[in-house]
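Have a look at the structure below, then the notes.
We use all heavy atoms of the structure for the numbers below, so side chains are in, but hydrogens, waters and symmetry mates are not. Chain naming here is simple, since letters A, B, ... match the order of the sequence lines and numbering starts at 1 in each.
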2 protein chains.
Amino acid sequence: MARTTGSHSDITGPRIRDAALRLFARHGYAAVSMRQIAGEVGVQAGALYNYIPDKQSLLVELMRDHMVELLEAVPVDRSDPPLAQLEAFVRFHIGFHHARPDAVFIAYMELRNLEPGNFAEIEELRGRYEAVLERILRDGAGAGVFDVPDPKIATLAVIAMLTGVTTWFRAEGRLSLGDVQDQYWDMVRKSVMA
Amino acid sequence: MARTTGSHSDITGPRIRDAALRLFARHGYAAVSMRQIAGEVGVQAGALYNYIPDKQSLLVELMRDHMVELLEAVPVDRSDPPLAQLEAFVRFHIGFHHARPDAVFIAYMELRNLEPGNFAEIEELRGRYEAVLERILRDGAGAGVFDVPDPKIATLAVIAMLTGVTTWFRAEGRLSLGDVQDQYWDMVRKSVMA
DNA sequence: GTCTATATTCCGATAGAC
DNA sequence: GTCTATCGGAATATAGAC
């Protein structure tokens, strides 16, 4: 059962990604060195290249995994009324993003450090997520439940507002996550209602 | 009238700051080298140090100037009714930020690259700007015009929503700045109204 | 699979000539 | 005020031993 000599762990790969996620979020991709990441994991810098081809790939993987997980988790049930769909989306977005502040930070702030092909891939995923909300708003507007002259703008406005929560909300603070979800849902609901 | 031999321009200082603003916004502070900035300006890297003591000072100056300019420009007239004050704030925020997308980007994204003392200074300025909106919402809530259970949260929600405009709005696009201001004002107004 | 050692390039910042 | 040249260090990534 013993593995190759010198193999300390089967989970070095995930540990590299965890360390990179935390460090990239805290200091920014460009400001973090491979040596720093290796130091957090407890290996030498050269050892990282057994798991990733280069630093850029590490960033892309983190961003792609986050976006894919987001797309798989977002609730979509077009048989529900638009208002219920919108409420589910708002509460989901706040809860999901609150649980992954580092990934959120990276996914929104490190786009400029992606090479063109990688950028296009991540942007396509983001576009699919935005389309979920836009669909809800468009359906609701069509049904006369919502009053949104331009669903595309309303989509971007709502997502910007909701994502902002991760920049300040801390569970130890004055308000619970539920409180925050309640108040944001109230504001979003009123902002789009007819 | 001739200046010291070798002096090509009195405005090298501003040109350094312009180049740094653009490059920091595009690639991020940590990813931009002094040599790149010098290249944009048309001087050698060493010449930059006639104008700035170090790279960090350059970043701090850009952020401080942006925040100070913002605070000086934000309309404050507490003799107006809260609803009028809120509308003025919303339209101002979108217009002001739209005219300075690079400075906005830097002021919101490069906070982590500030040394602690500099960070505290910029955060204090940001707090003062947020306090302007919070004051409006609190006054309006007290007067029964607005329904905002927690003015602090509503402040952060509105600012996040408005600032998001700079990430996608382009004047050449489908909508004019006025269209965008109208629709955002409509959403903000509804979201806080009693 | 991890190590040590290193190739190569680039970094921020400084010194001194002009 | 800008130049050339350079210091000291750190960056990404690779090579080869174990």
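- Cation-pi contact between A/R91 and A/F96: absent, since separation from the ring centre below 6.0 Å together with deviation from the ring axis within 45° is not met.
- Per the geometry, CE belonging to A/M34 stands 10 Å off P belonging to D/dT14, to the nearest Å.
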Nucleotide N/O of nucleotides 4-7 of chain C paired with protein N/O under 3.5 Å:
none

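- For the pair B/K55 and B/Y49, the cation-pi test (distance below 6.0 Å, angle within 45°) is failed.
- A cation-pi geometry, defined here as NZ or CZ lying under 6.0 Å from the six-membered ring centre and within 45° of its normal, does not hold between B/R15 and B/Y51.
- Recorded end-axis angle for the helix from C/dG1-D/dC18 to C/dC18-D/dG1 stands at 0°, based on five pairs per end and rounded to 10 degrees.
- Two residues are said to be in side-chain contact when any heavy atoms from C-beta on lie closer than 4.5 Å; B/L114 and B/Q56 meet this criterion.
- Rounded to an integer number of Å, the gap from NZ of B/K55 to P of C/dA13 is 8 Å.
- A/M187 is listed as a side-chain neighbour of B/V158, based on a closest heavy-atom distance under 4.5 Å.
- Using a 4.5 Å cut-off on side-chain heavy atoms (C-beta onward), A/E130 and A/K152 make contact.
- Regarding B/I16, its CD1 atom lies at a distance of 14 Å from the P atom of C/dG12, rounded to whole Å.
- The side chain of A/T12 places an N or O atom within less than 4.0 Å of a non-bridging phosphate oxygen (OP1 or OP2) of C/dT2.
- Residue A/I37 contributes atom CD1, which lies 15 Å from atom C1' of D/dA10 at whole-angstrom precision.
- Distances shown here put a side-chain N or O of B/Y51 below 4.0 Å from the OP1 or OP2 atom of D/dT2.
- The side-chain tip of B/R26 does not point at the ring of B/F24 from less than 6.0 angstrom away and within 45° of straight on.
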- request: Start with the C-alpha gap between B/E110 and B/N113, add the side-chain angles, then the distance that decides, and say whether side-chain hydrogen bond (donor to acceptor under 3.5 Å, both in side chains) holds.
  value: CA-CA 5 Å; B/E110 301 294 358; B/N113 288 306; 2.6 Å; yes
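- Distance A/H27 NE2 to D/dA11 C1': 17 Å, rounded to the nearest Å.
- One interatomic measurement links the two molecules: OH of A/Y49 to P of D/dA15, which rounds to 13 Å at whole-angstrom precision.
- Residue contacts for B/V41: at a heavy-atom cut-off of 4.0 Å it reaches no nucleic acid atom on any strand shown.
- For the pair B/L48 CG and C/dA13 P, the computed distance is 10 Å after rounding to whole Å.
- The six-membered or imidazole ring of B/Y129 lies near that of B/F89, with a centre-to-centre distance under 6.0 Å.
- Nearest nucleotide to the side chain of A/N50, out of C/dG1, C/dG12, D/dG1: C/dG1.
- The phosphate of C/dC11 (OP1 or OP2) has a side-chain N or O of B/S33 nearer than 4.0 angstrom.
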